[in-house]
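Worksheet for the structure shown next.
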Amino acid sequence: MATESKTMTEEKNPLLIQIDNEVREMTPEEVTAYEALIADTPTLPSPD
Amino acid sequence: MTYPTFTTGQVLPASDLNAIGLWLVKSQTIGNGVGSFTVTGAFSSDYDAYRIVMSGYLNTASDIGMTMQLTGAGGSTYGYWTNYYQYGAAAGQASAAANTSWIMGWSNAAGGNLVMDMVNPNNALYTNFTSMNSTPSYYMNQGGVEKSNTQFTGFTISCSAPFTGGTIRIYGYRK
């Protein structure tokens with residue numbers, strides 16, 4: 001059964017990126033790159 | 001030679017120092033709430049091979065793949081294979097032949113540890129890795145290759161379950 005994604009009306013936490021010791025919000029380009037990286041990331045089955 | 005012990009103020013012989021096999025290159029705290037973190041200056045011509053240790057890392061959820069992308073290689077040049085073993089139960093695998101990153105480990109909401117070896121990241125050769133880690137429900141091991149012959153100096157680790165802490169250390173194996 002497909003899991004519904006969050007609607008646009010729900011408030012989303014900003015995506016953070018860390019480069020060395022600096023933590024900040026991702027730029028739009030970094031968000032695009034991050035979402036592409038995690039798009040096909042596997043998730044393991046729920047344990048028995 | 002036997003492992004040397006040193007005392008404060010002792011003159012350190014070159015023969016002892018030159019026998020040190022692993023040298024800490026960089027240590028970095030993983031920030032709270034980051035979906036992605038980058039380590040710069042990790043690799044250089046000083047070493048051909050590296051050990052990377054993620055100690056006590058935490059995510060907002062467990063058992064989600066963590067990706068690693070070498071800085072400057074965003075094309076479909078990564079191949080990897082990951083095996084996962086549920087304690088006392090089933091096992092499985094996942095792999096990709098022409099990906100834009102590796103799956104190098106798995107997220108852990110209970111506090112995880114990961115050990116990775118990487119060979120030739122800063123040489124104009126293929127870069128290879130092996131790694132292993134465990135979560136509350138699984139043990140996993142991974143391996144793979146990056147085939148661009150690029151000389152890399154850093155990497156980025158990302159996960160859809162953001163990190164909430166931990167430490168990453170990079171050690172160089174003495175040539």
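Labels below follow one simple rule: chain letters A, B, ... track the order of the sequence lines, proteins then strands, and each chain is numbered from 1. These numbers come from the heavy atoms of this one structure, side chains and all, not from hydrogens, waters or symmetry mates.
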Seminar exercise, completed: If one checks every heavy atom of Ile19(A) against chain B at 4.5 Å, the contacting part turns out to be both
Exercise. Quick one: do the Gln93(B) and Ser95(B) side chains pair a donor with an acceptor below 3.5 Å?
Worked result: no
Exercise. Hey, which of Thr82(B), Asn133(B), Asp63(B), Thr135(B) is the one that makes side-chain hydrogen bond (donor to acceptor under 3.5 Å, both in side chains) with Trp106(B)?
Worked result: Thr82(B)
Exercise. For chain B, which of Asp20(A), Thr41(A), Asp40(A) has the most heavy-atom pairs under 4.5 Å?
Worked result: Asp20(A)
Problem set entry | Polar side chain donor-acceptor pair, Asn83(B) to Trp81(B), under 3.5 angstrom | yes
Problem set entry | Under 4.5 Å from any heavy atom of chain A - which part of Asn32(B) | backbone
For this session: Take the angle between the ring planes of Tyr85(B) and Tyr139(B) and call it parallel below 30°, perpendicular above 60°, tilted in between.
Result: parallel
For this session: Tell me, for Ile64(B) versus chain A, whether the close heavy atoms (under 4.5 Å) come from the side chain, the backbone, both or neither.
Result: both
Seminar exercise, completed: Of the listed Val23(A), Leu15(A), Asn21(A), Thr43(A), the one with the largest count of heavy-atom pairs under 4.5 Å with chain B is Thr43(A)
For this session: Would you sort out whether Met118(B) and Met104(B) count as a side chain to side chain contact (heavy atoms under 4.5 Å, CB included), showing the intermediate values?
Result: CA-CA 11 Å; Met118(B) 189 183 298; Met104(B) 47 72 76; over 6 Å; no
For this session: Against chain A, label Thr40(B) side chain, backbone, both or neither, depending on which of its atoms sit under 4.5 Å from a heavy atom there.
Result: both
For this session: Check each atom of Tyr138(B) against the heavy atoms of chain A and say whether the ones under 4.5 Å are side chain, backbone, both or neither.
Result: side chain
For this session: Using distance alone, with no hydrogens and no angle criterion, decide if Gln86(B) and Ser137(B) have a side-chain donor and acceptor under 3.5 Å apart.
Result: no
